**Q** 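Below is a structure I'd like to ask you about.
The first residue of the sequence shown is numbered 1, and numbering continues consecutively from there. Predicted model, so just to flag it, every value in this text is computed and none were measured.
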Amino acid sequence: MYETSTGAPDDVNAPLPEPRWTVQWADGPVPDQRRLRPLTGHSGPVRTVATAIVDGRPVAVSGSWDNTVRVWDLATGEQLHDPVTGRTDPVSSMTAEVLSVATAVADGRPVAFSLHGDDSVLVWDLATGRAAGEFVRLVESAVLDERRVLLTLGADGTLSVADLLTGRRVAAFPSATGIAMLDGRRVVLTVDAVDVDRTVRVWDLATGGRLARSLQVVRTVDLDGRVLAVTAREPDQEADREPDPAADPGEGRLWDLATAEPLDATEAAAALSGGAARLGVTTLTVVHGRAVAVGLDGEEPRLIGPLALARQNGALVRTRARETALLDGRTVALTAEADGTLRIWDLTDDRPRVHGMRVIDAVGASGTAPAFPPGPEREADLWHRISGRGTGPSDSADPVLLTVEQGDTVVVRDRATGQPVGRPLTGHTGKVWDVATTVVDGRPVAVTASADHTLRTWDLSHALAHGGPSRAGHTATVTAVTAAVLDGSPVVVTAGADRTLRVRDLSTGRQVTAPVAGLEGEVTAMVASEVDGRPVIVTAGSGDTLHLLDPVGGDHVGEPVTSHHGRVLALAGATLGGRPVVVTAGTDRTAAIWDLATRRPVGEPLTGHTSRVTAVATTELAGRPVAVTGSWDKTVRLWDLDTGRQIGEPLTGHTDWVTSVATTLIDGRPVAVSRSRDKTVRLWDLATLRETGEPLTGHTDPNGPMVVTTGGARPVMAIGQGQAVRFLDLATGCEVGNEYALPLPAAALAAAPAGRLAVAFGPEIAVLRPAAD
């Protein structure tokens, strides 16, 4: 019989062999060994992904419809920083969606760029996860009061004036709509978008002083194609002005919107008597007796008259084609940092994504202000570089190309021939939006982003093992699995929701006995033992009874045993006085020992827990058989099976239910491993009844299966985490080997000889082995 406790050599510091796990066989389709681990955390479809190297670690940067950008450590699958988001609109309280992400290295610093639904492009420092700036739209460079400045337009419509000598912002004008020259000075037109009346103002760019605000337009008329506007009388209008007999007492002047000049009294009278009413003009802005702009109902204000005809770059075009320009023959872009500092980025690169960018000084060696000429080069490729999705590794020398095909699959193709290499990468349950590549632990890896809210990583170098033909197996979920010895050969025994029990050769997967059919209910716990020299499988289900089964003859061994637990929640095998026994744990807050030959209890129940006992494991301590139990009362307890008494005080430290326990040897000393709903794993030295080391964290599914196997030179704990099995070196507390991905959640695990591991997922069973075997 294969013992439930596992040991390890005394030299726990011996180097581990290549710690990769591969499929030895499976009774159904072999899981794709290229699939590494899913990256979960997004709450919406993941539509874009890019990769980078941060402090020597490969990372993925993903953007999702949940409006977040996340950074993932590809070696561990963990998120490196808190999720980040784009700008939140103050009026609608809506956060801009993430459209695309790209990565680059700027002066040796890895950065990410995220493009958002409001057309903003943000920069993130991948080492810290903090914002590193926002790309701004370029307007022009100019000289204001002998100061060289750069005019930029933010995605929120703020026109900024930056000193090119210092790179610092010296003025900002929110909601800017146009700039022009007025009496030899540069002015900017703004509109208060929050104000109900959408007040229009004119500002001096050099001084930041306000020159005028808008006058309300009382009425507008159309006279022979001329649009004329009457403004409301202002309190400070000239007191000695001749009254206009045709105007309402509350009205001010009449203006010709084509010439931007006021009409005299005679012209005003004629216009107001003969013109047709016209709608749409709401305000008129007057500076030093000259009309310069009109406000329009539902539209942005416009410069008018000669100012409109002679203006330079008067319209601030809000398009995504204004983030780049030419500087000394190079394509550049600018970012504004939180403190107002501007950075100039060299974008000169002809590849589809942003690569190898560097930050240029804001002032050249000559000290002259850079010029940003308009033209086709300025029709920014920055937006397109970031939004364009690659289809393969960034290095064109790589031999393969990855293409998204059939919606939810990625096909690996030979770059030279275009022919598929191996099977498609399948597993996503939604459309694949994007794919990126990088290198993890020396292996080329693909990262795919999908509408199923996940990213997945794929080992592109892994051999495509098929593991032989599919075998007949269970037709429903495998609920329990254990290892045993049959006729001197190690076997794997499985029980399924189809109420059958099957026995397979551990090495080949070949079924060695006929299926045992007609099990009573679903098997939730199972151990292998021997009674009078013949193999026996002990099972427990959703009820109160134990069943002993002969896996060879397919018969029940004696009558079912009533446990009086209410429900049996866990089983473990042991030897007591040379006789095979099982230890049970149940909902009645007790554990019990059962003699398998007589099918009767040994001694009194093991009492002490104050809530249901959910887990049990057995081992030897100083030559005596002991049991370790875990409970909803958050404690782990040690029991002497000879006396039926508790050894020492309860082991405390967990802050929630204990869901699993296991036993093994580390450095020759017996230890217990406990797992809890508090998402920690703790190690206990059974000789001293003290906790060993710090709690191991990061286990998100506390109810998944857990088992200890050697897996190599020292004990390794295998943990089922959803659709993956993770491996933990108990001597170091570190993850080892590859996280093994499955097409369905892992339902049961069992340790087997030679460090192998039996994994049940859905109706399938597979046996994994360390690659060094």
**Q** For Asp595 and Arg579, what are the C-alpha separation, side-chain angles and deciding distance, and is it a salt bridge (Lys or Arg N to Asp or Glu O under 4.0 Å)?
**A** CA-CA 7 Å; Asp595 186 314; Arg579 299 175 64 83; 2.7 Å; yes

**Q** Calculate, to the nearest 0.5 Å, the distance between atoms CD and OG1 belonging to Glu559 and Thr545 respectively.
**A**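 One gets 11.0 Å once the value is rounded to the nearest 0.5 Å.
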
**Q** What is the minimum heavy-atom distance between Val447 and Thr457, and which atoms define it?
**A**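 That would be CG2-CG2, 4.1 Å.
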
**Q** Answer yes or no: is there a donor N or O on one side and an acceptor on the other, between the side chain of Asp550 and the main chain of His556, under 3.5 Å?
**A**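 Looks like no, no N/O pair under 3.5 Å.
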
**Q** Could you give me the CA-CA distance, side-chain angles and deciding distance for Asp640 and Arg645, then say whether salt bridge (Lys or Arg N to Asp or Glu O under 4.0 Å) is met?
**A** CA-CA 6 Å; Asp640 186 321; Arg645 296 178 180 177; over 6 Å; no

**Q** Return the set of residues passing side chain to side chain contact (heavy atoms under 4.5 Å, CB included) with Arg599 (not counting sequence neighbours), or none when no residue passes.
**A**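 Expected list: Leu548, Val561.
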
**Q** Tell me whether the rings of Trp632 and Trp657 are parallel (<30°), tilted (30 to 60°) or perpendicular (>60°).
**A**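 Answer is parallel, since the angle falls under 30°.
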
**Q** Could you give me the CA-CA distance, side-chain angles and deciding distance for Arg567 and Asp544, then say whether salt bridge (Lys or Arg N to Asp or Glu O under 4.0 Å) is met?
**A** CA-CA 4 Å; Arg567 181 181 175 186; Asp544 190 34; over 6 Å; no

**Q** List for me each residue that meets salt bridge (Lys or Arg N to Asp or Glu O under 4.0 Å) alongside Arg456, sequence neighbours excluded, and say none if there are none.
**A**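 Once residues adjacent in sequence are excluded, Arg456 has no partner under the salt bridge (Lys or Arg N to Asp or Glu O under 4.0 Å) criterion.
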
**Q** Side chains of Asp588 and Thr590: do they bring a donor and an acceptor to under 3.5 Å?
**A**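 There is such a pair (donor and acceptor under 3.5 Å, judged by atom type) between the side chains of Asp588 and Thr590.
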
**Q** Heavy-atom distance under 4.5 Å between the side chains of Thr454 and Val46, does that happen here?
**A**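 They are not in side-chain contact.
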
**Q** Please walk me through it: do Leu596 and Val581 pass side chain to side chain contact (heavy atoms under 4.5 Å, CB included)?
**A** CA-CA 5 Å; Leu596 293 181; Val581 299; 5.7 Å; no

**Q** State which residue, out of Asp678, Asp633, Thr635, Thr659, fulfils the side-chain hydrogen bond (donor to acceptor under 3.5 Å, both in side chains) condition with His654.
**A**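 Of the listed residues Asp678, Asp633, Thr635, Thr659, the side-chain hydrogen bond (donor to acceptor under 3.5 Å, both in side chains) partner of His654 is Asp678.
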
**Q** Might you point out which heavy atoms bring His428 and Ser450 nearest each other, and give the distance in Å?
**A**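 Of all heavy-atom pairs spanning His428 and Ser450, the closest is ND1-CB, 3.1 Å.
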
**Q** Judged by modelled atom types alone, do His474 and Thr494 share a side-chain donor-acceptor pair under 3.5 Å?
**A**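 Yes - a donor-acceptor pair under 3.5 Å links their side chains.
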
**Q** Can you list everything that forms a salt bridge (Lys or Arg N to Asp or Glu O under 4.0 Å) with Arg70? Sequence neighbours excluded, please.
**A**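 By the salt bridge (Lys or Arg N to Asp or Glu O under 4.0 Å) rule, Arg70 matches Asp66.
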
**Q** Please round to the nearest 0.5 Å and tell me the distance separating atom OG1 of Thr619 and atom CZ of Arg624.
**A**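 The distance works out to 14.0 Å.
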
**Q** Arg669 and Ala687: which non-hydrogen atoms are nearest, and at how many Å?
**A**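 Where Arg669 meets Ala687 most closely, the heavy atoms are NH2-CB, 3.6 Å.
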
**Q** Side-chain donor-acceptor pair under 3.5 Å between His565 and Thr584, yes or no?
**A**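 Indeed, the side chains of His565 and Thr584 share at least one donor-acceptor pair under 3.5 Å.
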
**Q** Any side-chain donor paired with an acceptor under 3.5 Å for Trp684 and Ser674?
**A**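 Yes - a donor-acceptor pair under 3.5 Å links their side chains.
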
**Q** Do you see a donor-acceptor pair shorter than 3.5 Å between the side chains of His42 and Ser62?
**A**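 There is such a pair between these side chains.
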
**Q** With the side chain counted from C-beta on, respond yes when Met717 and Val673 share a heavy-atom pair under 4.5 Å apart, and no when they do not.
**A**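 Result yes, sub-4.5 Å side-chain heavy-atom pair found.
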
